[in-house]
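Just so it is clear: chains get the letters A, B, ... in the order the sequence lines come, proteins before strands, and each one is counted from 1.
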Number of protein chains: 4
Amino acid sequence: MARPLSPEKRNALLAAATQAVADLGVQASTASIARGAGVAEGTLFTYFENKDVLFQALYLHLKEDLGETIMPGYPYESDFRHRVEHIFQRYVSWGLENKAKRLAISRLSGSGQLQDATRARGMERFQAVSRMMEDAVQSGVLVNAPIAFLYAIIERIADTTIEYMDSHPGDAQRHLALGFHAAWRAITP
Amino acid sequence: MARPLSPEKRNALLAAATQAVADLGVQASTASIARGAGVAEGTLFTYFENKDVLFQALYLHLKEDLGETIMPGYPYESDFRHRVEHIFQRYVSWGLENKAKRLAISRLSGSGQLQDATRARGMERFQAVSRMMEDAVQSGVLVNAPIAFLYAIIERIADTTIEYMDSHPGDAQRHLALGFHAAWRAITP
Amino acid sequence: MARPLSPEKRNALLAAATQAVADLGVQASTASIARGAGVAEGTLFTYFENKDVLFQALYLHLKEDLGETIMPGYPYESDFRHRVEHIFQRYVSWGLENKAKRLAISRLSGSGQLQDATRARGMERFQAVSRMMEDAVQSGVLVNAPIAFLYAIIERIADTTIEYMDSHPGDAQRHLALGFHAAWRAITP
Amino acid sequence: MARPLSPEKRNALLAAATQAVADLGVQASTASIARGAGVAEGTLFTYFENKDVLFQALYLHLKEDLGETIMPGYPYESDFRHRVEHIFQRYVSWGLENKAKRLAISRLSGSGQLQDATRARGMERFQAVSRMMEDAVQSGVLVNAPIAFLYAIIERIADTTIEYMDSHPGDAQRHLALGFHAAWRAITP
DNA sequence: GATGAATGAGCTTTCATTCAT
DNA sequence: CATGAATGAAAGCTCATTCAT
């Protein structure tokens with residue numbers, strides 16, 4: 001592993017894996033991923049020790065990508081509601097614009113192949129959000145519950161929102177508003 | 001009429017499949033499922049034409065099982081809040097008491113192998129709930145959103161609640177209350 | 001085996017086997033043959049000990065059927081040419097009218113599953129022909145070669161003739177004449 | 001360019017398939033063929049997409065082999081009888097010296113698994129013979145019949161001849177002469 | 001005797017992984 | 001390092017045969 005020669009190939013493999021996992025879940029074959037990336041079957045294994053390592057890396061890669069969309073412009077100084085709204089809306093638009101990535105995360109997440117450590121590391125990039133939520137709980141703006149619990153609820157409502165916006169494009173804005181309404185009310189006392 | 005198909009064997013196969021899918025997702029092998037059910041490998045295929053058919057049947061079987069837990073005692077005459085609470089609490093306790101079943105549903109749901117038709121048929125048993133929610137939307141008790149959207153949000157929050165109650169058994173009652181609070185607020189205006 | 005209760009069932013099985021073997025060769029499954037005969041899978045095995053026994057019986061049954069078409073009206077008193085012509089023409093018309101039977105014989109014959117003893121017993125019904133040919137060899141009308149050799153040549157030419165008449169129905173009569181011409185010349189000095 | 005596909009392995013697979021098909025027909029298992037070729041089970045499928053493709057390739061390979069024996073030394077300038085005799089004798093000696101190959105062709109031919117296109121491509125190598133026979137028909141040396149019909153008759157008589165020479169080695173030369181006599185007379189007016 | 005569920009060996013094919021080139 | 005042929009352990013599924021009903 002260490003220092004692979006070509007970041008392009010690594011990225012091509014991750015991109016191909018994203019599509020393959022979105023389509024077929026963890027059943028996607030390493031051969032098809034390599035083909036999708038335009039590299040030889042064996043090459044995959046010089047970048048990722050085995051299929052499981054590839055999947056953990058893929059999950060982290062996708063979460064990183066999500067983080068890079070959500071976090072820039074994060075309104076550190078606004079009130080809690082605006083900060084949650086920022087996160088919610090960015091999450092939703094990332095999901096709408098990156099269907100394969102969102103599906104791949106969801107497939108990995110529900111496959112039983114994702115290690116707890118990986119899931120935990122995937123959260124790291126969102127610490128600013130966690131901290132904000134802690135403060136908000138302290139100050140009584142959010143309901144007094146574990147952060148992870150609140151975070152999970154927001155995430156699930158956001159996922160549901162994405163699915164609805166996706167399948168009912170005409171009502172997209174309405175569903176976005178409904179989704180955020182639900183999320184905000186769900187986590188406030 | 002020779003030996004009739006045995007409901008016990010069918011159930012044993014579904015039970016074994018539940019466990020196997022909970023453990024390994026759709027990667028669970030038919031051989032391991034048959035072994036788990038105590039029947040020969042070939043026998044699985046006299047009860048289910050192929051693996052895919054088995055999975056669709058398993059999903060429906062589990063949803064049926066869930067329905068049989070949730071629906072009895074449904075307080076048709078109570079106010080909306082109590083009815084939603086009934087559903088929520090029953091759903092959560094079923095999930096807590098049937099970890100493998102809940103996991104199996106979730107694995108199937110996220111696998112990409114579940115047909116839309118199967119998902120739709122799985123909802124049939126819960127029509128009383130849908131109808132109640134329609135009325136509640138009409139009367140302004142629930143927020144004006146598609147029933148399926150509201151239903152999905154409740155389901156997701158319930159799932160999250162189950163996961164938390166499961167991993168923090170000490171705080172179970174508190175999380176149950178928090179979960180219902182979140183769900184109720186999420187779907188009300 | 002011995003005395004099966006129902007000759008109808010036995011015949012239905014042989015008829016279904018004929019069709020199945022014509023279609024798929026010896027790969028035809030016993031289940032499909034039973035289905036074709038309208039009996040249960042297990043019933044096949046009360047009439048025929050196993051698949052191999054069925055195939056030997058099928059071959060004999062078909063040869064018997066062929067014999068019953070060819071031999072009646074055999075012109076014991078005509079000259080050799082007319083007797084051979086009788087055989088040839090009857091063989092060809094049987095083949096044309098019983099495509100599945102002919103194909104089944106050919107599939108069995110070429111499958112490597114047919115026992116030599118079965119092949120030999122299949123010849124028994126045609127002893128009058130063999131004897132006639134012996135006489136004809138004695139009297140110098142036919143070329144001095146083993147009867148079986150001459151018989152095989154006639155058979156092969158007849159098969160070829162059938163195939164041609166079958167695929168070129170317009171020229172049927174011409175091919176029949178050509179076929180007999182070839183056969184008669186082939187076996188005469 | 002990694003390890004290139006090895007013609008030796010391909011040939012070993014075809015040789016093993018020849019033997020296996022000669023012994024068991026199309027029922028021969030891919031596992032036994034791979035074992036016979038001294039390669040892993042999976043390797044067969046890097047050389048032949050699936051069993052059917054293997055069988056079509058095998059047929060063509062064997063016909064090619066036959067063509068390479070028959071055609072060299074073909075007396076383009078001799079009279080028609082000598083040319084037919086060349087073909088007949090070469091065909092027969094190839095068959096005698098390559099029992100497994102001949103049997104394999106015959107098993108494939110009668111199995112119902114051989115595609116028409118494959119059968120047609122198998123004839124390509126013998127175009128010189130077809131053309132010669134066309135000329136001979138034109139010039140009245142051969143009986144006025146479709147070339148394929150005449151060709152089939154020769155082939156069938158040659159096959160019969162081979163079988164007899166094989167089972168009666170003492171009379172081999174006599175049967176060869178008888179066989180050619182029969183064939184030549186069969187196709188001439 | 002007839003039925004068809006039950007069996008498990010066996011089949012073809014796939015696939016993660018290795019390693020010769 | 002990149003390649004893709006080679007590997008062989010599964011995988012899903014079929015099927016001849018048995019036997020409880």
Side-chain angles (χ1 to χ4, degrees), chain A residues 2-6 9 26-35 37-54, chain B residues 1-6 9-10 26-35 37-54, chain C residues 2-6 9 26-35 37-54, chain D residues 1-6 9-10 26-35 37-54:
Chain A
R3 256 301 128 108
L5 203 69
S6 150
K9 268 177 191 150
V26 291
Q27 314 232 44
S29 73
T30 53
S32 78
I33 293 170
R35 198 179 323 119
V39 303
E41 289 181 43
T43 301
L44 188 153
F45 294 92
T46 74
Y47 288 86
F48 305 96
E49 200 180 333
N50 56 43
K51 202 185 180 184
D52 185 64
V53 165
L54 165 64
Chain B
M1 199 194 289
R3 209 174 316 185
L5 280 173
S6 136
K9 264 175 195 143
R10 195 186 136 94
V26 289
Q27 309 222 5
S29 74
T30 53
S32 77
I33 292 170
R35 199 179 322 118
V39 302
E41 289 184 38
T43 300
L44 188 152
F45 296 95
T46 75
Y47 287 85
F48 305 97
E49 201 180 331
N50 55 43
K51 202 186 180 183
D52 185 63
V53 165
L54 166 64
Chain C
R3 259 299 128 114
L5 203 70
S6 151
K9 266 178 191 150
V26 290
Q27 314 231 45
S29 73
T30 53
S32 77
I33 293 170
R35 198 180 323 118
V39 303
E41 289 182 43
T43 301
L44 187 152
F45 295 93
T46 75
Y47 287 86
F48 304 97
E49 200 180 333
N50 57 40
K51 202 185 180 184
D52 185 64
V53 165
L54 166 64
Chain D
M1 200 193 290
R3 211 174 317 184
L5 281 172
S6 136
K9 264 176 194 142
R10 196 187 135 93
V26 290
Q27 307 216 341
S29 75
T30 53
S32 77
I33 293 170
R35 199 179 323 117
V39 302
E41 288 185 39
T43 301
L44 188 153
F45 295 93
T46 75
Y47 286 85
F48 305 96
E49 202 180 332
N50 55 43
K51 203 185 180 184
D52 185 64
V53 166
L54 166 63

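Of the candidates E:dT12, F:dT7, E:dA6, the closest approach to any side-chain atom of B:Ser6 belongs to E:dA6. Residue B:Lys51 has its side chain nearest to F:dA11 when only F:dT7, F:dA11, F:dT17 are considered. With distances taken from any side-chain atom of D:Thr46 to the nucleotides E:dA6, F:dT7, F:dG4, the minimum falls on F:dT7. Considering only the side chain of B:Asn50, F:dC13 comes nearest among E:dG4, E:dT12, F:dC13.
Of the two residues contacting DNA chain F, namely C:Gly42 and D:Val39, the nearest-nucleotide position lying further toward the 5' end is that of D:Val39. Nearest-nucleotide mapping onto DNA chain F: of B:Asp52 and C:Ser32, the residue sitting toward the 5' end is B:Asp52.
Residue contacts for C:Ala34: at a heavy-atom cut-off of 4.0 Å it reaches no nucleic acid atom on any strand shown. As judged by a 4.0 angstrom heavy-atom cut-off over every strand, C:Thr30 is placed among the base-contacting residues. Note on B:Thr43: a base of the nucleic acid sits closer than 4.0 angstrom, heavy atoms only.
As a whole-Å value, the separation of B:Arg35 CZ from E:dG8 C1' is 13 Å.
Distances shorter than 4.0 Å separate some side-chain N or O of A:Tyr47 from OP1 or OP2 on F:dA2. Side-chain nitrogen and oxygen atoms of D:Lys9 include none within less than 4.0 Å of the OP1 or OP2 phosphate oxygen of F:dA5.
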